[in-house]
Structure formats: C-alpha cells, structure tokens
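Structure, as structure tokens:
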Amino acid sequence: DDWGPLVDGFTDEVRKVINEHNEGLTTLKASILAFVHAVDWTEPWIIGLFSWHFITLVVIITTRRNSGMHSMLFFLLLGMIYMA
C-alpha cells in the first residue's frame, strides 16, 4: 500500500503535460485576437445580447438608490435565467 511512487509518477506526468501546453502570454494574446477576429460581431443576436446587457446596466445604475426596483429587477432576471 505504498502510494509514493505512483503519486510521484502521476505528478511528473501532469507537469509534463502542463509544460507541453504552456506557451506563455504571447499565445494567450494570439488566442484572444484569433477569437475576436473569428466572431462576426454584426450578428443580430450578438448585437441584441450586448444591447440587453447595456440596458440592464443602465437601469441598475439609474435606480441604484431604489431598493424596491432592484428587488423587482433581481427577481425578473432570476426568472429569465430560470426560463432560459
């Protein structure tokens, strides 16, 4: 029941896999740029999604001192997420 060599071998394998896939910050930047260029930002549903989030943010900020409105908004958003 000596798990030491097994755990050490597993640890070495995990580190080897991590080192193979860890290419640094430049790869992260390249990946983000590739994602940004791959997405068609003129799709109607993406524009609608950003619009919905912007409108929700504006409503939250403009009603920041009205706790009743925030409670209603919270339950409205909760219901929408539940229905999604």
Side-chain angles (χ1 to χ4, degrees):
D1 287 335
D2 188 23
W3 292 90
L6 180 64
V7 171
D8 290 337
F10 181 72
T11 303
D12 292 338
E13 287 297 319
V14 168
R15 285 185 183 167
K16 186 171 119 180
V17 169
I18 289 172
N19 287 333
E20 287 174 0
H21 292 90
N22 187 8
E23 298 176 8
L25 188 59
T26 57
T27 304
L28 176 64
K29 182 179 178 184
S31 296
I32 291 172
L33 286 175
F35 171 77
V36 168
H37 292 296
V39 173
D40 182 11
W41 298 102
T42 60
E43 288 280 334
W45 73 272
I46 292 179
I47 294 171
L49 186 68
F50 281 132
S51 300
W52 166 253
H53 282 90
F54 180 74
I55 290 169
T56 304
L57 178 66
V58 169
V59 169
I60 289 170
I61 291 172
T62 57
T63 62
R64 67 185 176 269
R65 293 192 175 117
N66 188 346
S67 61
M69 179 67 169
H70 275 209
S71 296
M72 183 187 74
L73 187 61
F74 172 75
F75 286 112
L76 175 72
L77 293 172
L78 189 68
M80 291 177 69
I81 292 169
Y82 178 74
M83 296 292 187

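Residue numbers start at 1 and run along the sequence shown. Just so you know, these numbers use all the heavy atoms, side chains as well, and skip hydrogens, waters and symmetry mates.
Ile81 and Phe50 are assigned to two separate hydrophobic clusters, defined by single-linkage of ILVMFWY side chains at heavy-atom distances under 4.5 Å. Leu77 and Tyr82 fall into different hydrophobic clusters, where Ile, Leu, Val, Met, Phe, Trp and Tyr side chains are chained together by heavy-atom contacts under 4.5 Å. At a threshold of 4.5 Å between side-chain heavy atoms, the hydrophobic network of Ile, Leu, Val, Met, Phe, Trp and Tyr places Phe54 and Trp41 in two separate groups.
The side chain to side chain contact (heavy atoms under 4.5 Å, CB included) test applied to Ile47 returns Ser51, not counting sequence neighbours.
Thr62 and Val59 make their closest contact through OG1-O, 3.2 Å (heavy atoms, listed as atom of the first residue, atom of the second, distance).
Looking at Arg64, its side chain does come within 3.5 Å of a backbone N or O of Ile61 through a donor-acceptor pair.
Rounding to the nearest 0.5 Å places CD of Glu43 at 4.5 Å from CG of Asp40.
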What side-chain donor-acceptor pairs closer than 3.5 Å can you find for residues 68-76, not counting sequence neighbours?
unit_1: His70; atom_1: NE2; unit_2: Ile60; atom_2: O; d: 3.1
unit_1: His70; atom_1: NE2; unit_2: Thr63; atom_2: O; d: 3.0
unit_1: His70; atom_1: NE2; unit_2: Thr63; atom_2: OG1; d: 3.2
unit_1: Ser71; atom_1: OG; unit_2: Ser67; atom_2: O; d: 3.0

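Between Trp52 and Met80, some side-chain heavy-atom pair lies under the 4.5 Å cut-off.
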